[in-house]
Amino acid sequence: MHTTLAWIDYLIMVIYFAFVLGIGFALKRYMKTSADFFLSGRSIPAWVAGLAFISANLGAQEVIGMAASGAKYGLATSHLYWLGAIPAMAFVGIFMMPFYYGSRARSVPEYLRLRFDEKTRGLNAIAFALMTVMSSGISMYAMALLIENLHIFDSLMQALGLPMSWIFHLSIVVAAIITLGYVYLGGLTSAIYNEVLQFFLIVAGFFPLVLLGLKNVGGWDGLVQKVPNGFTHVWQGMTSAETSPLGVEVFGLAMGLGFVLSFGYWCTDFLVVQRAMAADSMSAARRTPLIAAVPKMIFPFLVILPGLIAVSLPTPAAVEGTTVSKAEAMGKGIIPAKLDASGEVKLDTDGKPVLDYDRAIPNMLLHYLPTGMLGLGLTALLASFMSGMAGNITAFNTVWTFDIYQAYIKPQASDKHYLWMGHFATLFGTLVSIAAAYVATSFNNIMDLLQLVFACVNAPLLATFLLGMFWKRATANGAFYGLLAGITAAAIHHGVSLPQGSTAGVKGGWISYLWSGVPITSYRNEMAQNFWAAIYAWTVCFVVTIVVSFFTKPHREEDLTGLVYSLTPRIVEHNVVWYKKPEAFGVVVVLAAIALNVIFR
């Protein structure tokens with residue numbers, strides 16, 4: 001039984017949109033310099049920066065994508081948190097924030113310029129700019145999918161006499177305009193304070209959904225009985241790629257996700273690092289990722305469990321007296337099958353229905369939340385989309401302005417001019433994100449697409465950073481050619497591999513298709529393909545950087561102070577008891593993540 005939207009639900013959403021835009025208007029008068037717009041004047045308290053750090057990552061890909069992955073892969077999806085986030089978040093807080101914050105770099109690419117040279121910075125800036133607009137586009141796609149699925153604009157379209165097929169396109173435009181509004185007005189500060197608001201909204205909206213869902217299926221024990229075998233375990237079946245829910249064995253998981261993708265994202269992605277760099281002190285900057293790690297550990301219970309509950313429910317066709325669509329009848333639980341352009345159920349190459357896992361959360365909201373509560377739940381979802389889009393747009397406008405425009409196009413302009421360019425980049429990035437939203441329509445799980453993007457950009461960059469920070473012999477040419485080789489390796493791997501049941505195209509196999517028509521290698525699913533793409537990208541970059549560095553001239557040691565670990569003075573926090581230091585905080589969060597892995601093994 002689906003709840004329908006009432007006036008109170010619409011009112012809650014309208015109030016939220018007005019509030020986030022109001023924050024942008026309120027902060028507009030403080031955006032006087034480029035530092036204010038791009039870095040919040042480095043004035044954000046640690047707890048605010050910490051919640052913004054996690055909320056910037058808590059976009060549509062987190063809420064929609066993690067629930068979709070939970071429905072597709074089971075509780076093994078929590079590896080993306082307990083293995084693929086917590087250790088890296090502790091590492092970035094303890095070891096890497098001193099380099100970022102202490103160097104006074106305005107962005108991650110700018111750190112690469114200080115450590116290596118301009119060409120390395122330029123390559124990373126271009127790759128990162130593309131990644132951020134793709135991520136922002138994924139958030140737009142997910143929001144449009146939600147609005148379309150919930151029929152929010154149906155009455156408006158009927159009143160205007162417009163076809164219902166336009167709802168998806170209208171939704172993307174509305175999402176873009178609202179996000180553009182408050183980022184354009186208030187810059188990073190507006191994004192950060194809205195992200196804190198969005199964090200609490202997401203918790204308030206999803207906590208009752210999980211409680212109602214678990215109660216309906218008979219609690220945890222009932223859920224275990226209703227989902228496929230092993231779906232409620234984290235490590236079960238991981239000894240072999242054939243039995244692993246993620247399609248990858250322990251080595252591929254630990255190396256591909258636990259090391260390369262995890263550290264590559266949390267340690268080098270300017271989207272999240274930017275929040276810590278806006279903190280009001282070095283101590284606050286180091287504690288920012290550690291504060292964020294605490295709620296990060298419990299989020300699998302808010303965003304993954306709804307996906308498991310969605311597949312555990314009976315299909316609408318199994319409920320007596322219920323009229324169902326073709327997509328619902330061929331679905332799994334309350335997750336429907338995807339339809340093609342002709343309205344027929346989309347089948348994979350094995351003849352099985354392609355399930356629309358991205359609809360897990362929207363359908364759960366309609367299934368469980370009553371009028372009023374549904375408005376709160378939908379507002380929580382909208383908050384996650386706003387958070388993801390705004391986070392990527394603020395990262396994009398900073399990197400575009402400082403690392404591309406100022407570095408290569410107009411290096412000697414005034415601060416006022418760069419502030420203007422930041423506003424223009426916000427508009428331009430939003431427009432490109434709209435185009436990226438349509439690319440995301442080819443995937444039935446947006447998390448698969450996002451991990452592919454990370455494998456191509458963040459995985460090789462991690463090798464560059466590790467060698468740059470911990471090996472003083474790494475040279476500028478080594479870093480540039482290593483990074484280029486790593487990105488190329490990921491692209492080639494994607495071109496010669498293909499997930500089972502997929503056709504050549506955006507999911508891979510395009511090189512093999514042009515060459516022989518048959519993929520050179522095949523994986524059980526997209527996630528396994530992404531993990532191995534990340535491994536190849538990191539390994540190639542690491543090896544090429546070392547080899548080229550031995551044949552090229554290194555920097556002088558005096559130029560690397562503050563940029564290389566062995567040449568940087570250690571941070572000693574005097575008059576701080578041991579249990580309040582970042583190192584102790586980091587050990588606690590890592591031990592807590594290990595405990596969760598043991599409990600749900």
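Remember, predicted model here, so these are calculated numbers, not experimental data. Keep in mind that the numbers below use all heavy atoms, side chains included, and drop hydrogens, waters and symmetry copies.
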Minimum heavy-atom distance Pro300-Trp82, with the two atoms named: CG-NE1, 3.8 Å
Between Ser497 and Gln529: side-chain donor-acceptor atoms closer than 3.5 Å: yes
Heavy-atom side-chain proximity of Phe531 to Leu261 below 4.5 angstrom: yes
Note, Leu355 side chain near Lys338 side chain (heavy atom, < 4.5 Å): no
Side chain to side chain contact (heavy atoms under 4.5 Å, CB included) evaluation trace for Phe263 with Val92: CA-CA 8 Å; Phe263 282 72; Val92 71; over 6 Å; no
Residues in side-chain hydrogen bond (donor to acceptor under 3.5 Å, both in side chains) contact with Tyr16, at least two apart in sequence or another chain: Gln198
Close side-chain approach of Met13 to Leu378, heavy-atom, < 4.5 Å: yes
Ile304 and Ser78, any side-chain heavy atoms less than 4.5 Å apart: yes
Near-ring test Phe53/Trp266, centroid separation under 6.0 angstrom: yes
Nearest atoms (heavy-atom pairs only) where Ala68 meets Asp358: CB-OD1, 3.5 Å
Rounded distance (nearest 0.5 Å) linking atom CG of Leu80 with atom CE of Met527: 5.5 Å
Shortest non-hydrogen contact from Ile361 toward Ala67: CG1-CB, 3.2 Å
Results of side chain to side chain contact (heavy atoms under 4.5 Å, CB included) for Val457 - residues two or more places apart only: Ala127, Met131
Spacing of CG belonging to Leu246 relative to OH belonging to Tyr523, to within rounding of 0.5 Å: 14.5 Å
Worked verdict on Trp47 versus Thr288 for side chain to side chain contact (heavy atoms under 4.5 Å, CB included): CA-CA 7 Å; Trp47 73 270; Thr288 291; over 6 Å; no
Phe251 and Trp532 aromatic ring geometry - parallel, tilted or perpendicular at 30°/60° bounds: tilted
Test side chain to side chain contact (heavy atoms under 4.5 Å, CB included) applied to Ala436 - qualifying residues, sequence neighbours left out: Met134
Side-chain donor or acceptor of Thr268 paired with backbone N/O of Leu462 under 3.5 Å: no
Min side-chain heavy-atom separation Leu596-Tyr81 under 4.5 Å: no
Residues forming a side-chain hydrogen bond (donor to acceptor under 3.5 Å, both in side chains) with Ser433, sequence neighbours excluded: Ser136
Between CG on residue Leu461 and CZ on residue Phe454, distance to nearest 0.5 Å: 12.5 Å
Arg275 and Ile192: CA distance, side-chain angles, deciding distance, side chain to side chain contact (heavy atoms under 4.5 Å, CB included) verdict: CA-CA 7 Å; Arg275 273 74 190 150; Ile192 285 177; 4.3 Å; yes
Any donor-acceptor N or O pair under 3.5 Å, side chains Tyr536, His494: no
Polar side-chain atom of Asn363 near backbone of Ile335 as donor-acceptor pair, under 3.5 Å: no
Closest heavy-atom pair and its distance - Thr232, Leu75: O-CD2, 3.4 Å
With sequence neighbours excluded, residues passing side-chain hydrogen bond (donor to acceptor under 3.5 Å, both in side chains) with Trp235: Asn597
Lys296 side chain to Ile54 backbone, donor-acceptor under 3.5 Å: no
Residue pair Leu214, Ile309: steps toward the side chain to side chain contact (heavy atoms under 4.5 Å, CB included) verdict: CA-CA 7 Å; Leu214 281 177; Ile309 296 170; 4.3 Å; yes
Closest contact, heavy atoms only, Asp9 versus Thr371: OD2-CG2, 3.6 Å
Interatomic distance, Ile599 atom CD1 to Arg601 atom CZ [nearest 0.5 angstrom]: 9.5 Å
Heavy-atom neighbours of Phe19 CZ exceed 12 at 6.0 Å: no
Residues Phe301, Phe600; criterion ring pair (Phe, Tyr, Trp, His ring centres under 6.0 Å); working and verdict: CA-CA 12 Å; Phe301 302 109; Phe600 292 95; 5.6 Å; yes
Contact check, side chains of Pro295 and Phe199, non-hydrogen atoms, under 4.5 Å: yes
Those residues that, when tested against Lys332, pass side-chain hydrogen bond (donor to acceptor under 3.5 Å, both in side chains) (two or more places apart): none
Min side-chain heavy-atom separation Met238-His79 under 4.5 Å: yes
CG on Leu223 to CG on Leu313, rounded to 0.5 Å: 9.5 Å
Trp166 atom CH2: more than 12 heavy-atom contacts under 6.0 Å: no
Any donor-acceptor N/O pair, Arg524 side chain to Ser244 backbone, under 3.5 Å: yes
Minimal non-hydrogen separation, Val589 against Ala90, with atom names: CG2-CB, 4.3 Å
Exam field: side chain Ser262 to backbone Phe259, donor-acceptor pair closer than 3.5 Å: no
Reported CG-to-OG1 distance for the pair Asn229 and Thr243, which is rounded to 0.5 angstrom: 11.0 Å
Side-chain (Asn216) to main-chain (Leu212) donor-acceptor, under 3.5 angstrom: no
Beyond-backbone contact of Met157 with Pro163, side-chain heavy atoms, under 4.5 angstrom: no
